[in-house]
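Model, not experiment: these values are computed from the prediction.
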Amino acid sequence: MSIGKDLRLRRIIDPATNSSVMFAFSHGTSVPEVMSGIEDPATSFRKVRNGGANCAFLTPGLLQSLSPVIAESPEVAIVAKITATATRGEKSHQERLIASVEHCATLGVDGVVALLPFAPENEADVISLTGSIGEKCREYGLPFIAEAEFPNAYFGDGKDYQSTWGLSYLKRSARLCVELGADIVKTNWLGSPEEFSPIVDCVSGTPVIVAGGSRESDLALLRKVKAARDVGAVGTSVGRNIFQHANPTAITAALVAVLTGASSPEEAVESNPELSADQVLTAAH
C-alpha cells in the first residue's frame with residue numbers, strides 16, 4: 001500500500017479503535033426522488049460532526065458549497081461519491097461515473113466511494129468500472145470504498161434480492177470488489193451474524209462495514225451494528241438512520257459508543273432520552 005493511501009485510511013478508520021462511523025450523505029445520486037432529510041447539507045454535516053462521525057460521503061458537486069463547514073471540521077474525513085444511478089433509465093441498475101479519481105485527488109479528499117450493483121443488466125460495465133476505479137486509486141493513493149450491495153439497496157423496485165440472491169450474491173460482490181482494487185467493502189446486513197460473517201471471511205482481511213439500511217428503531221440499528229462488529233466488521237455507513245433522525249447528533253454518538261465498546265446498544269439508548277428502543281424517531285421536514 002502507498003504511504004498516501006495508508007495515511008488517508010487512518011483518517012477514515014480510526015487506528016486506535018479500528019472502527020469507523022461513516023455518514024452516507026450521497027443519496028441524491030442513488031434514488032429517483034429527493035429523500036426527506038437531505039435538504040440542508042451544512043446543518044446535517046455539523047450535526048454528525050458533533051456526534052463524532054469519522055467520515056462523510058459527499059458528491060464533488062456538494063464539496064464546493066460545503067467547503068466552509070468542511071474547513072471548520074478537520075476531524076471529519078471526506079470521501080467523494082463518484083458514481084450515480086440512472087434510476088429513470090430504460091435499463092435497470094445502470095451506474096455511471098460522475099467524477100474521475102484524478103479530479104477527486106485535486107479536491108484533496110481522503111478517499112472515493114462508488115455504488116457497484118452487479119446485475120444481469122449491467123455486470124460487464126460495472127466490472128470494468130470497478131477495475132478502472134481500483135487502478136486509478138492505486139495510482140493516486142486514494143482509498144477506494146466499494147458499496148457491494150444489492151442493486152435496490154437505496155430504493156424499492158419490487159424485487160426481493162435478499163431472498164432470491166442472498167448471501168452468495170453479497171459474498172461474490174464483496175470478493176469481486178476486493179479483487180478489482182477496493183480497500184474497504186460496504187455490504188448489506190442479511191439479518192444475523194451467521195450470514196454476515198462469511199462475507200467478512202471471504203475478503204482476505206479487507207475492512208468490511210455494514211450498511212445502515214432503511215429506517216428502523218435506534219435500538220435495532222445499534223444491535224445490528226454491534227452484531228456485525230462482533231463478527232469482524234470495522235464499522236458502519238449510515239445515511240437514512242442519521243439524516244432522517246430527529247436527533248442526528250445523538251444517534252451518531254450512540255453508533256460511535258457502540259462501535260468503540262464504550263457502551264452496549266441498550267446502554268446507549270437508555271442513557272439518552274433522544275433515542276428510542278422501539279419507535280422510529282423521524283425529524284419534521
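- Looking at Leu63 and Leu58, their side chains come closer than 4.5 Å, going by heavy atoms from C-beta outward.
- Without hydrogens or angle criteria, Asp218 side chain to Ser276 main chain gives a donor-acceptor distance under 3.5 Å.
- Glu194 places no side-chain N or O within donor-acceptor distance of the main-chain N or O of Ser192, the cut-off being under 3.5 Å.
- Taking hydrophobic clusters as Ile, Leu, Val, Met, Phe, Trp and Tyr residues chained together by side-chain heavy-atom distances below 4.5 Å, Ile251 does not share a cluster with Leu281.
- With Asp6 contributing its side chain and Ser2 its backbone, the two residues share no donor-acceptor pair below 3.5 Å.
- Arg49 places no side-chain N or O within 3.5 Å of a backbone atom of Ser73 that could act as its donor or acceptor partner.
- The aromatic rings of Phe150 and Tyr169 sit parallel to each other, their planes meeting at less than 30°, with 60° as the upper class boundary.
- Side-chain atoms of Thr282 and Gln244 include no donor-acceptor pair closer than 3.5 Å.
- Without hydrogens or angle criteria, Asp183 side chain to Ile145 main chain gives no donor-acceptor distance under 3.5 Å.
- When the options Thr130, Val203, Ile127 are evaluated for a side-chain contact (heavy atoms from CB on, under 4.5 Å) with Leu176, the one that passes is Ile127.
- Side-chain atoms of Lys224 and Thr236 form no donor-acceptor pair, as typed in the model, at a separation below 3.5 Å.
- Judged by distance alone, the side chain of Ser217 and the main-chain N or O of Val280 form no donor-acceptor pair under 3.5 Å.
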